[in-house]
Amino acid sequence: MSRIKIAVLVSGGGTNLQSLIDAGEELTGEIALVVSNKRDAYGLVRAEQNGIENIFLDPLGKTDSEYDSELLNLFTDRKIDLIVLAGYLKIISPVLIEEYRNKIINIHPSLIPSFCGDGYYGLKVHEAAIEYGVKCSGATTHFVDEETDSGPIIMQGVVGVDFEDTAESLQQKVLAIEHEILCKSVKAFCEGSLEIVGRRVKTRRD
Ligand code: GRF
């Protein structure tokens with residue numbers, strides 16, 4: 001079986017991307033392309049430092065579907081099998097979802113269905129969790145569908161929330177879990193051990 005070719009979309013610092021890069025051969029798939037909608041995204045620098053093709057695709061003056069059509073051309077030309085949204089803060093349009101149904105994985109820094117959906121991104125997620133007073137939080141990987149943060153859940157990881165925690169300290173705790181479950185989720189996809197049953201995901205154990 002030829003290795004799964006992965007494209008990673010980033011908008012910011014790229015620590016999730018870095019965790020995939022650091023996983024190396026363990027991932028069993030190949031990170032072939034990194035694309036960002038932000039010219040100054042540090043994720044692009046991480047890709048460059050690791051010899052991975054990286055592109056800033058400027059969204060200026062383009063509708064979401066025009067932008068995603070350009071993304072689709074990049075992916076088709078490179079025979080991309082899997083798209084990973086690693087801190088990518090731009091809406092994915094039906095253009096891409098239809099072409100890559102159940103082949104787009106997103107990481108979200110909460111235990112979906114809590115603190116997710118429109119407006120819940122970055123530090124805002126952790127501010128809401130702290131304010132609500134939850135005792136546990138965590139991260140979720142899921143397949144992307146037409147709604148925000150609503151596709152079939154692949155994996156979740158939990159962290160305890162202490163009374164002293166701030167949104168910033170919680171964000172750091174959750175980021176460590178994100179790196180762990182994102183690598184495991186991508187590896188499971190690349191090994192073909194994920195099965196979607198309705199809106200649930202079964203991870204086939206050997
Ligand atoms: C992560 O918490 C991710 O879940 C969220 O944005 C943050 C970005 O992290 N969508 P990084 O750019 O991968 O460091």
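Every number for a ligand or one of its atoms is a count from 1 in the order of the listing.
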| side-chain hydrogen bond (donor to acceptor under 3.5 Å, both in side chains) against Gln172, all qualifying residues, sequence neighbours excluded | none

| remark: Of Gly13, Gly87, Ala139, Ala86, the residue with the heavy atom nearest atom 7 (C) of ligand 1 is Gly87

| query | Should the pair Lys124-Glu131 be classified as a salt bridge under the 4.0 Å nitrogen-to-oxygen rule? | reply | no

| With respect to Ser185, which candidate in Thr141, Asn106, Thr140, Thr203 satisfies the side-chain hydrogen bond (donor to acceptor under 3.5 Å, both in side chains) definition? | Thr141

| remark: Going by the 4.0 angstrom heavy-atom rule, the piece of Leu175 near ligand 1 is side chain

| Nearest atoms (heavy-atom pairs only) where Ala188 meets Met155 | CB-CE, 4.3 Å

| query | Based purely on interatomic distance, does His108 place a nitrogen or oxygen under 3.5 Å from a nitrogen or oxygen of ligand 1? | reply | no

| note | The option among Gly14, Ser36, Ser110, Pro109 carrying the non-hydrogen atom nearest to atom 12 (O) of ligand 1 is Gly14

| note | protein heavy-atom neighbour closest to atom 3 (C) of ligand 1 works out as Glu178 OE1, 3.1 Å

| said: How far is atom 9 (O) of ligand 1 from the closest protein heavy atom, and which atom is that? | reply: Asn16 ND2, 3.7 Å

| Mind checking whether Tyr88 has an N or O less than 3.5 Å away from an N or O of ligand 1? | no

| said: Under a 3.5 Å distance rule, please check whether Lys202 uses its side chain to pair with a backbone N or O of Val197 as donor and acceptor. | reply: no

| query | Which protein non-hydrogen atom lies closest to atom 14 (O) of ligand 1, naming both residue and atom, and how far is it? | reply | Thr15 OG1, 2.6 Å

| message | Please check this pair: side chain of Ser36 against backbone of Ala41, looking for a donor-acceptor N/O pair closer than 3.5 Å. | response | no

